[in-house]
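In what follows, chains carry the letters A, B, and so on, assigned in the order in which the sequence lines appear, proteins first and then strands, with residues in each chain numbered from 1.
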Amino acid sequence: MKSSIEIQFQDQLNSYPAGATPNDIIDTVSVKNRSDIVAAEINGRPVDLTTPLTESGTLDLIVVDSAKGLDILRHSSAHIMAQAVKELFPEVKVTIGPSIEDGFYYDFDVFRPFTPEDLEKIESRMKEIVKSRLPFRRKVMSRDEAIRYFEETGETYKVEIIGAIDAEDVTLYSQGEFTDLCRGPHIPNSGFVKAFKLMKVAGAYWRGDERNRMLQRIYGAAFPSKEKLKKHLDLIEEAKKRDHRKLGKELDLFSILDEAGPGMVIWHPKGALLRYLVEDFERKEHLKRGYELVVGPQILKRELWEKSGHFENYRENMYFTNVDEIDYGIKPMNCLAHMLIYKSRIRSYRDLPIRYFELGVVHRHEKSGVLHGLLRVRQFTQDDAHILCTPEQLNDEILNIINFVRDVMGIFGFEYTMELSTRPEKSIGTDEDWDRATNALKKALLDLGVEHEINEGDGAFYGPKIDIKLKDALSRSWQCATIQCDFTLPERFGLTYVDKDGERKRPVMIHRVVLGAIERFLGVLIEHYAGAFPLWLAPVQAVVMTITDRHDAYARDLKQRLDENNVRVELDDRNEKIGFKIREARNRKIPYMLVVGDKEIEENRIGVRKRGQDNTVSMTVDEFVSQFDNEVKSRL
RNA sequence: GCCCACGUAGCUCAGUAGGUAGAGCACUUCCUUGGUAAGGAAGAGGUUCACCGGUUCGAUCCCGGUCGUGGGCUCCA
């Protein structure tokens, strides 16, 4: 080993004895906000401030407020929680505890699940640990030595983890009496944890596999300051107000009732109208883009599902019924009927691409634990289309769909992420077809320069797919649009077209949805707008409200005129004060409040108060209708 | 499906060493005719506290089970 190393640090190149730590180096210069520095990087590799440096290079500091710094802070918080848990419950086994967005979690194998009271105790103990400013000590050990250590301490999960590590040495971190296997780096001492809160306990399978033992996971939030933690908690509170389940009730959009069945949505008039508006928009957008509307039956013979592979691969999610001693499967997807329509006559290459669109109602038997408001239900309507095209047309079709999705998401103002999912274990079709399909999707994403992640093994059983995900109020991701390439079903159903050369050839099929499930999309949409729908989507666009019953006749006339001009308007002529009516309309997030009183009648005008504004503008009915129409047209 | 928590009037929630249940809003009626975020009064409303069992003289409250909801895990539009 060299006796000295050259370190570039803050515009200075200096020589230090080998084994100098970042702390030593920082001490040689004046650094501001010393207490914000949680770790360092040597040549881009994160290290503790106390790690002896053995190589020359560039030293950078990691401050707590940076992405890397937060990650370290939260990861160290997880260690502190594990320490507290081990002190309070020595019999638990520790497993893993990473940092996550806004905080951290740690999974424990326990004999008895944690109670809310346990959480309080753990949190108190953590506060004591933080107060005592215990240093995080790093130790390098050989694998064998580490395995022996964890075997002795009974930490069998750690032994298993080390078994999977492919390195000579591993590192262990200790604070107080607690030692954990960890790559690091960590904060210098537990006192750096300024603000944290244990949020919830949950079950989680070891290694995320449901065949494994269920562990107890504790989630915590951690931030560099109390203010930031409070801001985070306030944000969660605000997000809860946007919850579509809460708004669905408040705005009387829908209900999901125990007595009707879990995962079955009952749409009330306002919600059904919202659905209608979105579906109407969808039909028009599809017709514009060369799709044809089709409708398939709700149940199809079981043999057909056997032929398609659904019976083999998707049966556990399907409902079945028997009519006249014939077995039927209730459709969980819409593709079968679409293929039958294609097959109903001979197709020429001139006919392709054929694009069948259906707002198809499907049933899927989702596991009870996954149901979630409108976002995960058992009966839903997909804005589903199946495109049959030649292999040469495939790429263009995929590009068109991605652009379609982009347009629509733009109209609703959504941000989204895209993912490419590849072949799962349970699947049908040849490797060659899967490669072709996967490459077609990849190429389209590349051609459009779309950023995307890869989800290995997450494709549908019949083909790979591009998924577009939207986030709900609590920033949980939900898959909405999806584009799936399929060479297998056309094969299984013997779909063909006659090509230029007179030969019968196999078309390629694309399964795709844009909004995904109307239910899920509306759930996310409600949260996106926090219930304040833009004018074109608002189930009730305006409320005419009277000051007193002297104004009822004028108000009724006004309502009728607006009805005639396609304004979705209600009349509030109740025996209530105007303040009461305004308040209620505000709470219902009605876009326009139209006040009529003596003044308005005298001038033959209306007092227009727009959602989000406190002032009232006087206008004629014509002026209002014209402003209204413009706003609807521009989908503001 | 698995882990934890929860399940009281239409809604939001209170409640009790275990002694047959309460508020606000909403609803109905009456008074009030009031100009931009809640006018006033009265009344009705729970087959009695999700359901089924058990303990007990007696259970909404304790115990067990079922169903559902919420938060996660797994899975997925």
Side-chain angles (χ1 to χ4, degrees), chain A residues 105 107 110 112-116 118-119 199-219 240 243 245-246 249-250 252 255-263 314 316-317 332-333 360 362 364-384 421 424 458 460 465 467-470 474 476-482 484 511-521 523-524 545-552 575-587 593 595-600 607 609 613-616:
Chain A
Y105 69 77
D107 287 348
V110 295
R112 162 183 76 77
F114 293 118
T115 63
D118 292 338
L119 277 205
M199 305 297 285
K200 56 202 174 197
V201 231
Y205 300 108
W206 167 234
R207 300 219 142 139
D209 190 327
E210 63 181 330
R211 288 167 299 196
N212 288 340
R213 189 170 159 75
M214 177 151 282
L215 309 170
Q216 289 294 308
R217 174 174 299 179
I218 303 177
Y219 283 94
K240 283 182 183 162
D243 191 312
R245 293 164 297 193
K246 186 175 159 66
K249 218 175 263 175
E250 286 172 6
D252 198 16
S255 53
I256 299 173
L257 301 177
D258 193 2
E259 57 195 311
Y314 205 73
E316 61 273 29
N317 285 299
M333 299 183 191
V362 297
R364 295 186 187 173
H365 181 205
E366 300 293 342
K367 290 179 184 174
S368 61
V370 306
L371 300 176
H372 185 101
L374 291 180
L375 298 177
R376 193 74 182 273
V377 293
R378 286 183 172 157
Q379 180 195 306
F380 54 99
T381 303
Q382 293 182 301
D383 61 333
D384 204 2
S421 298
D458 227 19
K465 56 181 188 166
D467 289 331
I468 289 88
K469 295 192 173 175
L470 304 180
L474 287 167
R476 294 174 292 207
S477 286
W478 296 91
Q479 184 185 315
C480 289
T482 179
Q484 311 178 347
H511 310 242
R512 46 105 290 184
V513 290
V514 174
L515 303 184
I518 303 295
E519 284 76 3
R520 173 176 291 180
F521 184 76
V524 181
M545 40 187 86
T546 53
I547 305 284
T548 83
D549 51 19
R550 274 202 307 285
H551 315 121
D552 285 359
N575 180 10
E576 296 291 350
K577 292 191 173 177
I578 192 67
F580 182 90
K581 297 180 183 182
I582 296 274
R583 178 187 145 83
E584 195 175 274
R586 278 181 69 118
N587 289 341
M593 297 174 228
V595 179
V596 295
D598 290 338
K599 203 171 71 193
E600 284 74 21
R609 177 170 164 152
Q613 292 174 1
D614 288 337
N615 59 319
T616 308

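The ring pair (Phe, Tyr, Trp, His ring centres under 6.0 Å) check on A:Tyr219 picks up A:Tyr105, with sequence neighbours excluded. Among residues two or more places apart in sequence or in another chain, the salt bridge (Lys or Arg N to Asp or Glu O under 4.0 Å) test is passed with A:Lys581 by none. A:Glu600 pairs by the salt bridge (Lys or Arg N to Asp or Glu O under 4.0 Å) definition with nothing, not counting sequence neighbours. For A:Lys599, there are no salt bridge (Lys or Arg N to Asp or Glu O under 4.0 Å) partners at least two apart in sequence or on another chain. Listed by chain and number, the residues in a side chain to side chain contact (heavy atoms under 4.5 Å, CB included) with A:Ile582 are A:Met545, A:Ile578, A:Arg586, A:Met593, A:Val595, A:Arg609 (sequence neighbours excluded). Remark: A:His551 pairs with no residue by the ring pair (Phe, Tyr, Trp, His ring centres under 6.0 Å) rule, at least two apart or across chains. Residues passing the salt bridge (Lys or Arg N to Asp or Glu O under 4.0 Å) test with A:Asp467 are A:Lys465, sequence neighbours excluded.
Atom name P, nucleotides B:rU69 and B:rC27: the rounded distance is 29 Å, in whole Å. Between B:rA44 and B:rG22, the distance separating the two C1' atoms is 16 Å to the nearest Å.
Residue contacts shown for A:Gln379 are absent, as no nucleic acid heavy atom lies under 4.0 Å away. Heavy atoms of A:Glu250 sit nowhere under 4.0 angstrom from any nucleic acid atom.
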May I have the step-by-step check of side chain to side chain contact (heavy atoms under 4.5 Å, CB included) for A:Lys469 and A:Cys480, ending in yes or no? CA-CA 6 Å; A:Lys469 295 192 173 175; A:Cys480 289; over 6 Å; no

Would you tabulate the nitrogen or oxygen pairs shorter than 3.5 Å linking the protein to nucleotides 31-34 of chain B?
from   : atom 1 : to       : atom 2 : distance (Å)
B:rU32 : N3     : A:Asn575 : OD1    : 3.3
B:rU32 : N3     : A:Asn575 : ND2    : 2.9
B:rU32 : O4     : A:Asn575 : ND2    : 2.0
B:rU33 : O2     : A:Asp549 : N      : 3.2
B:rU33 : O2     : A:Asp549 : OD1    : 3.1
B:rU33 : N3     : A:Asp549 : OD1    : 3.3
B:rU33 : N3     : A:Asp549 : OD2    : 2.7
B:rU33 : O4     : A:Asp549 : OD2    : 3.0
B:rG34 : N7     : A:Ile547 : O      : 2.6
B:rG34 : O6     : A:Ile547 : O      : 3.4
B:rG34 : N1     : A:Asn575 : OD1    : 3.1
B:rG34 : N2     : A:Asn575 : OD1    : 3.2

Mind listing the N/O atom pairs, protein and nucleotides 10-15 of chain B, below 3.5 Å?
from   : atom 1 : to       : atom 2 : distance (Å)
B:rU12 : OP1    : A:Lys249 : NZ     : 3.3

Protein proximity profile, nucleotides 69-77 of chain B - base contact B, sugar-phosphate-only contact S, no contact -, cut-off 4.0 Å on heavy atoms: SSBBBBBBB

Dot-bracket, 5' to 3', for RNA chain B please: Watson-Crick or G-U pairs under 3.5 Å, [ ] where pairs cross earlier ones, | where the partner sits on another strand, dots elsewhere. (((((((..((((.....[..)))).(((((.......)))))......(((((..]....))))))))))))....

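Residue pairs meeting the salt bridge (charged side-chain N to carboxylate O under 4.0 Å, His left out) criterion with at least one partner in residues 369-384 of chain A, sequence neighbours excluded, are A:Glu366-A:Arg376.
There is no side-chain donor-acceptor pair under 3.5 Å between A:Gln479 and A:Ser477.
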